[in-house]
There are 2 protein chains.
Amino acid sequence: MRIVVLAGGIGGARFLRGLKRAVPDADITVIGNTGDDIHLFGLKVCPDLDTVMYTLGGGINEEQGWGRTDETFHLKEELAAYGVGPEWFGLGDRDFATHIVRTQMLGAGYPLSAVTEALCDRWQPGVKLIPMTDDRVETHVAVTLPGSGSAAGEGERKVIHFQEYWVRLRASVPAEAVVPVGAEQAKPAPGVLEAIAAADVILFPPSNPVVSIGTILAVPGIREAIADAGVPVVGLSPIVGDAPVRGMADKVLAAVGVESTAAAVAEHYGSGLLDGWLVDTVDAGVVERVEADGRIRCRAVPLMMTGPDATAQMAREALALAEEVRGA
Amino acid sequence: MRIVVLAGGIGGARFLRGLKRAVPDADITVIGNTGDDIHLFGLKVCPDLDTVMYTLGGGINEEQGWGRTDETFHLKEELAAYGVGPEWFGLGDRDFATHIVRTQMLGAGYPLSAVTEALCDRWQPGVKLIPMTDDRVETHVAVTLPGSGSAAGEGERKVIHFQEYWVRLRASVPAEAVVPVGAEQAKPAPGVLEAIAAADVILFPPSNPVVSIGTILAVPGIREAIADAGVPVVGLSPIVGDAPVRGMADKVLAAVGVESTAAAVAEHYGSGLLDGWLVDTVDAGVVERVEADGRIRCRAVPLMMTGPDATAQMAREALALAEEVRGA
């Protein structure tokens, strides 16, 4: 079975671990979000790709869900002592090595997809991990920072890097717009469209629908290829009981005018794209609404990734729904 | 008192610490060797500048004489896990920060002299540290590697970076030639010639006469400025009892046809440059030879930098000899 999964960071990575457990022999291709990549200290950092790679390769810090296990932060301490920031982005000593190798390879002329493959040679994630594009896409967020404007009481409107919004501000102000800068000009990385065309099933894990899956779908050609693949496309709701399971997805959903409910996210993806949708059992009440136009099948199953078994079971439910769609 | 010191790494740095102790109010300018700079992992590493900066700024690993105190090597471990080398160059996690800041500033267009000044803002070494040049100079060493040639029994002649010779090979094969590549085209960094012209005394610490002091003197204009400064130039022998006090200076002295004796090194610098020369008490027998042509004054004093007091006393002896030269 050939499975294509679109993935962001922590949620996508953990789901993928469950998927591998559920179907160890499946041929899994992961199309990774690169919209939250950032240049720090002259280095190219790809948080989502690394989270997938570290999680599946056994190097992740399990508790926080990102970064390396057994990590130290001496380099970062020293950068701060030099007055060089940002200090709000947590790069550990071990993690730095990944960014140094990546930056050196990019500087030598390798595209990000080739670099990612080389990094995965070490981590052996057990999936084929491809960045959505080799081109530069950077998600920016428009915000109004309170009280910092020139006139009293007025806020200052700013456009900031997604990481600054997410990590530094912790989404503490509303996102007024979310723009994947560069996406319109980007081309899918080599292998992305081919994997989609060859897939037996395509899954959207409970990753952020706007800044993770949404950014991947913003690369011209990817959404169309998925819609045209003619295979079941099944998603898992990242919203459980009207709140994001993890992270602050509600903040960026609001920016694109989507309410934070399992039903609204399904409608946001749309029946032109999605064939099946899993919501949590607490959201069983929305199944009818999602299935209203008769084009998306919806099932309510436990969607909390509380451990490897629960996550594997979610993956099995997604694949079962895909089979149901296929048989219909 | 304005003192200019030409310095390599460990020996120069330790001597400078003694000099500061001996004359705390002196205005000291250090012209640092950059010939053993190396690009590693896409980063610009300046071992001698950093050794001076860390030693005088209180961040040095005292035992080994280079690198940072309280150091860890996680980043390097991870690079090795990625199969990315070289593994023979010991960059620690804290030390990496210096190279990252430097590389980022160089990339932003600052010359090395400005970068060094910015790094010293943090370390406050208590001296003005200037690289000999802002241009790229890289010391290469010609060697014959035994048994690796195509014909049986023949060695392979190779030209390698000084660090590869010094750190990886530990000078285990003879240096057939030592070439400061790029030196002929290099210009002294801003402030170098000005400091020499304004100096009251110029000191050559017991640094390597070939690959440290020799490389600095190979930058066109520096040797001439020192010879023309009209102030006492006093050196301290790095050779005690026919062997280098530290390091493998004999290996590179042989490459330039100089024997490893305190007298031969003085003659190598030459009476056109040197006014005074300190040899260790065990080499008292060579004083007469050094003074033979009547142009270099030579004194035998203890030259082992066994601790801060001994090193400060060496600095006092050097300054006393400078006064003697001046009074003559």
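Lettering of chains follows the sequences in order, A, B, ..., and the numbering in each one begins at 1. These figures come from a predicted structure and were not determined experimentally.
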Taking a cut-off of under 4.5 angstrom between non-hydrogen atoms, the residues of residues 29-57 of chain B near chain A are B:Phe41, B:Gly42, B:Leu43, B:Met53, B:Tyr54

In terms of heavy-atom pairs under 4.5 Å with chain B, the winner among A:Ile100, A:Thr103, A:Asp70 is A:Ile100

Within residues 76-96 of chain B, contacts to chain A at heavy-atom distances under 4.5 Å involve B:Glu77, B:Glu78, B:Leu79, B:Ala81, B:Tyr82, B:Val84, B:Asp93, B:Arg94, B:Phe96

To the nearest 0.5 Å, atom CG of B:Leu75 lies from atom NE2 of A:His74 at 12.0 Å

Against chain A, residues from residues 109-126 of chain B with at least one heavy atom under 4.5 Å, in numeric order, are B:Leu119, B:Arg122, B:Trp123

Listed by number, the residues in residues 3-13 of chain B that come under 4.5 Å of chain A (heavy atom to heavy atom) are none

